[in-house]
Q: 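I'd like to ask some things about the structure below.
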Amino acid sequence: MTETAQVVKTAAPVRRREKKRRNVFDSLIGRSALQILAVVGFFLLWEAAVRWGWLSGFLVGQPSGVLRNLIGSIANGSLFADTGYTIFEAILGFAFGTVIGSVIGLALWYSVFVARLVEPFIAAINSVPKIALAPIIILWFGTGLLSKVALAISLTSIVALITAYQAAKDADKDLQALLFSMGASKQQIFKRVIAPSTLPAIIATFRINIGFALVGAVVGEFISSQHGLGHVIYVASSLYDLNTVWAGLFTLMLVGFLFYHLVEVIENWLLPWKQQQGGTQINV
Amino acid sequence: MSSPKVQLRLNGMRKSFPGKEAATQVLDGLTFDIHERDFVSIIGPSGCGKTTVFNIIAGLVDPDDGVMLYRGQEVESLRGRVGYMMQKDLLFPWRTVLDNVLLGLETKGVDPKRALDTAREYLSTFGLSGFENSYPKMLSGGMRQRVALIRTLVLDPDILLLDEPFSALDYQTRLYLEGILMEAVETFHKTVILVTHDIDEAVALSKRVVVLSQRPARVKAVHDIALNEHSPIAARSDPRFSGYFHTLCAELDIQTRKSA
Ligand SMILES: Nc1ncnc2c1ncn2[C@@H]1O[C@H](COP(=O)(O)OP(=O)(O)O)[C@@H](O)[C@H]1O
Ligand SMILES: [Mg+2]
């Protein structure tokens, strides 16, 4: 008895591991400041390197030139026209590709027989680098809007299809069983279990497919087009006008970035039950 | 006392599942009766086929052989007429509490307005008003299982199939939910078949206990439980409680020793 009491008295208090302190910059403003600092630093370094002759402005371009170029093309309206054109192609390709792919993928859930039948064909189509189809697609659909949209669809639909089909197959069997025991028809099970449980997976493909749709649009424009950012980049690079190339690339980057965040907004809106997780993270 | 009316009769149920080498015979001529307004607990070693029996009754699994009679009529299954509740609460994560309760009513094609009224009424009866718009992930395990129970009851099923519904809960919550279940069963005059591995629970709640043998399952014994008290806590202090408890323990023990 006394022994234990002594132990308690003499033992040094165990120090609890200190709570992991957050980095001082780990706030929205702090992070933004660091990010902006990195970007500005990068461009300043680049500009300086070209001015002081460490890099050839002819081969890598020059930030001040890119900026001048951007301002000029904003002023004459061509930047908005080209960006709008590319965005339009990409959005059409994305929307049709996602809808077509998801619908086919979900439809395959209805018939195990058909699904097994077409599975190897889907795998085969998926393994073709779709970009290699671009010349044929332009042959078939012409040099206008249609060929770019078709190319974007060919890239996005297969991703949506495979994802939707896999998610439908993985849908919780117990939830389906429960509904079935209540007397639900196959259609009701589809509507109440399969469709809602594939939705998060399909929305997750939005992120990938926004990028793919832009790839389709831009590559289509590379091959033959009179408009669009891909066209601008292609023409400028064949003229060794690197500043215009960068202006086009940065605009594309901005477009992709904005779309990516748009997906997040859509996600929060369509999947309210996925939120409110309370940001608990294991403190390692 | 007149002999009770039979509501559901399983006769000679046979079921085997194809295995890697040989097929597993799970049910080999299982026969038992469920009376009107019965409360039957089924206990037996795990893996003996209790869930399979429920799946057959609910129409999720087709038996190889055997007859099911419902109030004297031969039926294929009671799909659409049972309230099946499993160990997992199986709440739909993308549906709010209210929408989860509405699930079965929607499936049945009940008029949306009436369904909504019924669902709200049940939720308030079971003390869950105010949680209608919460998503399941925000609720405690006991609350989730309570929602699952409401979802089962709101359909007004002919028979409740409860497959170890409380086994994942702590003892306090379990006693509480047992109480809620007993009240609901008395209020709504339900017939219940309860699978449990908790002998305590079986004795406290049931009118009869069916003991199943090792796989392939057959009925080893049926015990009538005659306690004066039927609230879960009072029943446990009934003088006859421990007698039943030990009888059932002994019956299961022999089997576990054999299998060990
Ligand atoms: N769908 C199935 N396919 C193959 N084997 C199954 C299937 N369902 C159950 N079984 C087997 O049947 C036996 C009984 O299972 P189950 O009815 O779940 O037992 P219990 O509920 O009594 O624990 C187990 O050995 C299990 O592996
Ligand atoms: Mg089981």
Side-chain angles (χ1 to χ4, degrees), chain A residues 102 105-106 109-110 112 116 163-164 166-206 263-282, chain B residues 51-52 54-62 75-110 133-139 147-148 151-163 165:
Chain A
S102 309
L106 288 175
W109 173 81
Y110 264 93
V112 176
R116 291 213 178 116
T163 308
Q166 193 59 43
K169 269 206 301 194
D170 292 344
D172 193 328
K173 297 282 184 299
D174 287 337
L175 296 186
Q176 297 177 51
L178 179 80
L179 217 48
F180 190 77
S181 79
M182 288 174 172
S185 63
K186 193 159 189 177
Q187 233 146 325
Q188 286 178 318
I189 290 176
F190 177 81
K191 188 177 153 199
R192 305 224 154 82
V193 182
I194 306 300
S197 60
T198 47
L199 193 59
I202 289 174
I203 290 177
T205 66
F206 286 6
V263 170
E264 214 152 80
V265 174
I266 292 173
E267 199 165 35
N268 287 344
W269 170 57
L270 285 178
L271 306 174
W273 54 278
K274 282 256 173 187
Q275 295 168 57
Q276 300 134 333
Q277 311 224 6
T280 44
Q281 199 185 355
I282 311 279
Chain B
T51 300
T52 304
F54 273 9
N55 285 342
I56 288 173
I57 296 174
L60 298 172
V61 164
D62 291 324
V75 290
E76 227 166 76
S77 79
L78 292 183
R79 183 162 100 83
R81 293 199 277 179
V82 287
Y84 197 167
M85 194 176 158
M86 309 183 200
Q87 180 178 353
K88 285 193 281 174
D89 56 63
L90 296 185
L91 296 181
F92 287 43
W94 51 84
R95 285 176 167 249
T96 59
V97 166
L98 181 65
D99 287 338
N100 264 292
V101 173
L102 281 170
L103 188 71
L105 298 170
E106 280 174 18
T107 305
K108 287 261 157 70
V110 175
N133 297 320
S134 307
Y135 286 101
K137 75 181 332 170
M138 297 156 73
L139 306 182
V147 175
R151 178 177 64 187
T152 313
L153 287 169
V154 80
L155 279 174
D156 194 23
D158 295 339
I159 295 187
L160 294 176
L161 304 176
L162 311 180
D163 192 355

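Chain letters run A, B, ... following the sequence lines, proteins first and then strands; every chain starts at 1. Keep in mind it's a predicted model, so treat the numbers as computed, not measured. The basis for the numbers below is simple: all heavy atoms, side chains too, and nothing from hydrogens, waters or symmetry mates.
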Q: What are the two closest non-hydrogen atoms of B/L60 and A/A177, and how far apart are they?
A: CD2-O, 3.4 Å

Q: Measuring from B/M86:CE to A/D174:CG, what's the distance to the nearest 0.5 Å?
A: 6.0 Å

Q: Can you list the steps and then say if B/W94 with A/S197 is a side-chain contact (heavy atoms from CB on, under 4.5 Å)?
A: CA-CA 8 Å; B/W94 51 84; A/S197 60; 3.6 Å; yes

Q: Highest number of heavy-atom pairs under 4.5 Å with chain B: which of A/V193, A/L199, A/L271?
A: A/V193

Q: Side chains of B/P136 and A/W273: does their closest heavy-atom pair fall under 4.5 Å?
A: no

Q: Stepwise, does the side-chain contact (heavy atoms from CB on, under 4.5 Å) test hold for A/R192 with B/R95?
A: CA-CA 10 Å; A/R192 305 224 154 82; B/R95 285 176 167 249; 3.4 Å; yes

Q: Measure B/L91 against the heavy atoms of chain A and call it side chain, backbone, both or neither at under 4.5 Å.
A: backbone

Q: At a 4.5 Å cut-off on heavy atoms, which part of A/S185 comes close to chain B: side chain, backbone, both, or neither?
A: neither

Q: Determine whether a donor-acceptor pair (N or O, by modelled atom type, separation under 3.5 Å) exists between the side chain of B/R81 and the backbone of A/G183.
A: no

Q: Rounded to the nearest 0.5 Å, how far does CG of A/L179 lie from CG of B/L103?
A: 5.0 Å

Q: Which pair of heavy atoms, one from B/R79 and one from A/F180, lies closest together, and at what distance?
A: NH1-O, 2.8 Å

Q: For B/L90, is it the side chain, the backbone, both, or neither that has a heavy atom closer than 4.5 Å to a heavy atom of chain A?
A: both

Q: Might you work through the side-chain contact (heavy atoms from CB on, under 4.5 Å) test for B/R151 and A/M182, ending with a clear yes or no?
A: CA-CA 11 Å; B/R151 178 177 64 187; A/M182 288 174 172; 4.1 Å; yes

Q: For a 4.5 angstrom cut-off between non-hydrogen side-chain atoms, does A/P272 reach B/Y135?
A: yes

Q: At what distance, to the nearest 0.5 angstrom, does NZ of B/K108 lie from CD of A/Q188?
A: 10.0 Å

